[in-house]
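All values below come from the heavy atoms of this structure, side chains included, with hydrogens, waters and symmetry mates left out. We name chains A, B, ... by the order of the sequence lines, and we start the count at 1 in each one.
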Amino acid sequence: MEYTFREIERKWQQAWKENKAYEVPNETSKPKFYVLDMFPYPSGAGLHVGHPLGYIASDIYARFKRLKGFNVLHPMGYDAFGLPAEQYALEHGVHPADSTARNIATFRSQMDKIAFSFDWSREVKTSDPAYYKWTQWIFLQLFKSWYNREADKAEPIDTLLEHFSKEGNSRHPLPNAQSVIPGLENNNFTAGDWNGFTEPVRQAILMEYRLAYCGYGEVNWCEALGTVLANDEVINGVSERGGFPVEKKRLRQWYLRITEYADRLLKGLQTVEFSEAMKEMQGNWIGKSSGAEISFAIAGYDAATLDVYTTRPDTIFGVDFMVIAPEHELVGEITTADQKVAVEAYIAYVKSRSERERMAEKKISGVFTGAYAVNPFNQKQIPIWISEYVLAGYGTGAIMAVPSGDERDHKFARHFNLPVTNIIGEAYNGEEANPTKDAKLTNSDFLNGVVMREAIDIVIGKLEEMGIGKRKVNYKIRDAAFSRQRYWGEPFPIKWIDGIAYPLDESELPLELPYVESYKPGPDGEGPLANIPEWTASHLETNTMPGYAGSSWYFLRYMDPHNDQTFCDRKWSDYWRQVDLYVGGTEHAVGHLLYSRMWTKALFDLGYISFDEPFKKLLNQGMIVGVSRFICCDDANHQLLSHDIAYRDANSQEKIEALQRIYTTRRVPSEYVDKLGRFIISKTEDFIKEFKLQGYKFIPNEDGIIELEFAIEKMSKSKRNTINPDDIVFEYGADTFRMYEMFLGPVEMSKPWDTKGIEGVHRFLKKLWRLFFDEAKGKLVTEEKATPDELKILHRTIKKIEEDTERFSFNTSVSAFMVCVNELTDLKCHKRQILEPLLILLTPFAPHISEELWQQLGNSTSILDAAFPAFEASYLVESSKEYPVSVNGKMRTLINLDLNASQDQVQEIVLANDIVQKWMEGKPLKKLIYVKGKMVNVVV
RNA sequence: GCCCGGGUGGCGGAAUUGGUAGACGCAGCAGACUCAAAAUCUGCCGUUCGCAAGAAUGUGCUGGUUCGAUUCCAGUCCCGGGCACCA
């Protein structure tokens, strides 16, 4: 009997489907385990071999946990709303709903061929009204909540109303001190004020507290995409999708008040198992820094103080100038008449520069305002400058510049010839700033001789005493822009009446996205929904939610996917709780992962779930990159040459360079390349036709082969270097494909796809098959009792696979199978006692062949329900009495030492001494060291 | 510039975390079976010297700790990733 993988795989996939083998009950006595993949965005390109890497890893782990007796939730779905589908719609006139449905069907068929153990009965699609009903519902909960800083948690807005009507906002000042509320003189009000406010004023105030709120703000506007983007969707001044320019624009936007969660998002990182790199990235994004806010008096100007934020209050005597952002509110007021022209010119110049220019050039520029601040400790007058290197959006938009300690301040001082006060003695060399915290202060009045690190607290204490400063923590993270001027997203369940946002009633959900023929932008930066008369007539919000809305909570919906009464019954979220293992790429480090962590915390605060971190352990899979091939091309002579022919004489760098001037290269799509990376000769005609190379001739080498050059690149449809998993599965089977992807290397690592290596894994499965069947003799399996050597092989393998799989080392697991099968083949071991447990071990990796052989052994139930075999330590003890000995630190040989037999160390050493002495031909032994109970080291 | 990773054969990668480096696989070489091919099997496969047994050397580089270092420490050079006027 042969290993007919296509037939076997089709048969079992069918059987598992019919038996609903992967459906997971909520009600069971088993312990739970939740393994989740980041669900895909169903793009039109379909899956390539890089995509399933993480899915295979998580599938193996899920199946492994199932064998170990867990009730494993392992679902899959689609992140179906989003920009690309709409871009595609605009370009091709296909409705996003249609193209998305078609793409999902492709994804599904590709995934089915790889035999993932997903419970498809729990599938979710974020664009499904039954799903986004609850996305809208959660949005409403955020809208109807505020963050109580005293309790450090979100609460329903009603509790805030209670505070307001009893005591105004004295205990709960506006989260954003810079907020401007029309009709409210300053941002503080009493209970009496509150009760006297009109409804619009009250609503405007409440909006400033809501966790999901609408306001005007500087946003990242992308003209080409016609929408606003979140900070994490903008990279180096261009959009992540498409690379279009992004500019700052002031627009009405919805936001999530994620800043209120900054500290908890940071602290929560300590409770989850994310990679250090991932924690670092999130930590950077949140960007916590602590220091002080200091109010400087402005000479001759009493109306306001100049407030700066600094992490280094210890350097206060080194402040040589102040710098404020060009947008700073005081600019107009403090600028002296002399400087007015220069300042206005500078502000005009700054406005003329785009975000990108600013970032690309980093020119030192600025202008003096003519005004002076006063150092509160020594009354020194400090000039106030304006420069674009100070950002309006961070801290107070003003800094105290300490050129001896800060590189940017130092450059600025140099550029404008400002004096530099040295407050760190020899630690400052006069050439460049030294940001140390460990120097002793000089020129610093009462701080002279104090180490800077310690001076920080002293200064803050003094400032607080004087009432001109306070300890302050700052974060880089900004509230997340939550609206898109787009069609293909969740509509906001909000109605605008007389400028006030009213939430829809829960009974009105879902607010369905209307079907439209055109996705053209609406008027005045509004979304396409503004083009629909019925929509605007009902005063509905015309923006839609961003792509990350639906993905911020989908892991909860899988627990209770068909519930139409609530987003997820508390009973089931209490059972499944956190995702135990979350697998996905690093690209979502500061987007999706941060947002879903915030939503989880908010839902936790509001009492809807019982945990406040969604993902317990995060495994980041690497990318599988492609190998692109290029053919050497001699355009002058119309020849396409085998690489070795073209570069035959390239024995020096000069010659190589000379040849490179003669030849160019042309990209060869993967379908023209064989497994060994050579051009497939039979396709020359097609290639010439496709790339319009009429008259070109192919020049193979002596062996009739056309060798190609290669480069490692990211797989992409446009580069035509993708490998479709369907093709691999067709040629080798899903089991081989699964094992090979794991065998390539650690899951976390990026690596190039190399098709030729897959043969080895395929050979392994055939070899395994031959332990059970011989083509001529038929069934080989016997009921004979296993020998100790065979048992040793089995139990060692069980131990290794269990340990390696538990620590996600799937590549070494696959190797362990190969070693085991090689050894059993050598021993001609065909015993059921050995082979049956081996099949169970293999099930997570290669489910089809395992199930087939399992049934062939006469088992009546599915191997999916088998129990993971336990190893017996007794078989693992080394039977050999030989131990390695090192002499002078070098491992020399094995000698006959019975260390296990004796518990008495002295006896062992004597024994070793004896033998080693003999072995060393009488050379004296100076020292004998007993190490680790198994190793004897001798120093001569 | 700052912060994380990582440098091991021709290649992908192992090494129980301080104990015989190079498992497993690919590629390569030699052989068996075969009319032949495929498939399968066996042996060899870091470098240098040697007919061989064997010896020396070897985990980016330079030092250090140790009986013993791919593993720990210091310095240095490369490669990959992230952040980047955040005061």
Under 3.5 Å, N/O pairs linking protein and nucleotides 13-15 of chain B:
residue : atom : partner : partner atom : Å
A14(B)  : OP1  : N811(A) : ND2          : 3.1

Pairwise N/O distances under 3.5 Å, protein to nucleotides 26-34 of chain B:
residue : atom : partner : partner atom : Å
C26(B)  : OP1  : R763(A) : NH1          : 2.5

Look for any protein N or O under 3.5 Å of an N or O in nucleotides 2-9 of chain B and output each such pair with its distance, or none.
residue : atom : partner : partner atom : Å
C3(B)   : O2'  : E280(A) : OE1          : 3.4
C3(B)   : O2'  : E280(A) : OE2          : 2.1

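The glycosidic torsion of G64(B) lies more than 90° away from 0, placing the base in the anti range. In this structure U17(B) sits in the syn conformation; its chi angle is within 90° of 0.
A distance-only check finds a donor-acceptor pair linking the side chain of H795(A) to the backbone of E872(A) [under 3.5 Å]. S642(A) contributes a side-chain N or O that, together with a main-chain N or O of E707(A), makes up a donor-acceptor pair within less than 3.5 Å.
One P atom belongs to C61(B), the other to U57(B), and the distance between them is 15 Å to the nearest Å. Taking the C1' atom of each, G18(B) and C3(B) are spaced 29 Å apart, rounded to whole Å. A gap of 23 Å separates the C1' atoms of U20(B) and G25(B), to the nearest Å. For U59(B) and G50(B), the C1' atoms lie 26 Å apart once the distance is rounded to whole Å. Atom name P, nucleotides U71(B) and G64(B): the rounded distance is 14 Å, in whole Å. U66(B) and C73(B) have their P atoms separated by 16 Å, with the value rounded to a whole Å. For A37(B) and C44(B), the C1' atoms lie 25 Å apart once the distance is rounded to whole Å. For A32(B) and G80(B), the C1' atoms lie 46 Å apart once the distance is rounded to whole Å.
With sequence neighbours left out, R414(A) forms a salt bridge (charged side-chain N to carboxylate O under 4.0 Å, His left out) with no residue at all. Annotation: side-chain contact (heavy atoms from CB on, under 4.5 Å) contacts of S290(A) (sequence neighbours excluded): V473(A). Take R478(A) and apply the side-chain hydrogen bond (donor to acceptor under 3.5 Å, both in side chains) test, not counting sequence neighbours, and it matches no residue. L827(A) meets the side-chain contact (heavy atoms from CB on, under 4.5 Å) test with E790(A), I793(A), C829(A); sequence neighbours excluded. The side-chain hydrogen bond (donor to acceptor under 3.5 Å, both in side chains) search around T586(A) returns none, not counting sequence neighbours. Scanning for salt bridge (charged side-chain N to carboxylate O under 4.0 Å, His left out) contacts around D826(A) gives an empty result, with sequence neighbours left out. Residues passing the side-chain hydrogen bond (donor to acceptor under 3.5 Å, both in side chains) test with Y3(A), sequence neighbours excluded: none.
When rounded to the nearest whole Å, the span between CD of E748(A) and C1' of G81(B) equals 14 Å. Spacing between atom CZ of F296(A) and atom C1' of A87(B) amounts to 12 Å, rounded to whole angstrom units. Rounded to whole Å, atom P of A84(B) lies 14 Å from atom CD1 of I286(A). Distance, M818(A) CE to C24(B) P: 11 Å, rounded to whole Å. Computed from coordinates, the H410(A) NE2 to G1(B) P distance equals 18 Å when rounded to whole Å. Summarising the geometry, the separation between CZ on F274(A) and C1' on G82(B) is reported as 17 Å, rounded to the nearest angstrom. Put simply, CZ on F412(A) is 18 Å from P on A87(B), counting in whole angstrom units. The nearest whole Å value for the distance from the CG atom in L765(A) to the C1' atom in G25(B) is 13 Å.
For the pair V819(A) and K767(A), nearest-nucleotide mapping onto RNA chain B gives the more 5' position to V819(A). Mapped onto RNA chain B by nearest heavy atom, K476(A) and T586(A) fall at different nucleotides, with T586(A) at the one closer to the 5' end.
You'll find that the side chain of K766(A) is closest to U40(B), out of U40(B), C41(B), A87(B).
A salt bridge does not link R453(A) to D314(A): none of the charged side-chain nitrogens sits closer than 4.0 Å to a carboxylate oxygen.
The aromatic rings of F743(A) and Y740(A) are tilted relative to each other, their planes meeting at an angle between 30° and 60°. Using cut-offs of 30° and 60° on the angle between ring planes, the pair F817(A) and F845(A) is perpendicular.
Note on Y309(A): every side-chain N or O is 4.0 Å or more away from OP1 and OP2 of A87(B). Phosphate contact (OP1/OP2 of A23(B), side-chain N/O of N822(A), threshold under 4.0 Å): absent.
Remark: of the listed residues L306(A), V390(A), D307(A), L306(A) is the sole one forming a side-chain contact (heavy atoms from CB on, under 4.5 Å) with I324(A).
Two rings, from F321(A) and F412(A), have their centers less than 6.0 Å apart.
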So what's the dot-bracket for RNA chain B: Watson-Crick or G-U pairs under 3.5 Å, [ ] if a pair crosses, | if it pairs off-strand? (((((((..(((......[....))).(((((.......))))).((((....))))..(((((..]....))))))))))))....
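Across all strands, D826(A) comes closer than 4.0 Å only to sugar-phosphate atoms, never to a base (heavy-atom distances).
The salt bridge (charged side-chain N to carboxylate O under 4.0 Å, His left out) analysis of residues 277-288 of chain A, with sequence neighbours excluded, yields the pairs D263(A)-K288(A).
Heavy atoms only, all atoms of each residue included: H410(A) and P403(A) are closest at CD2-O, 3.0 Å.
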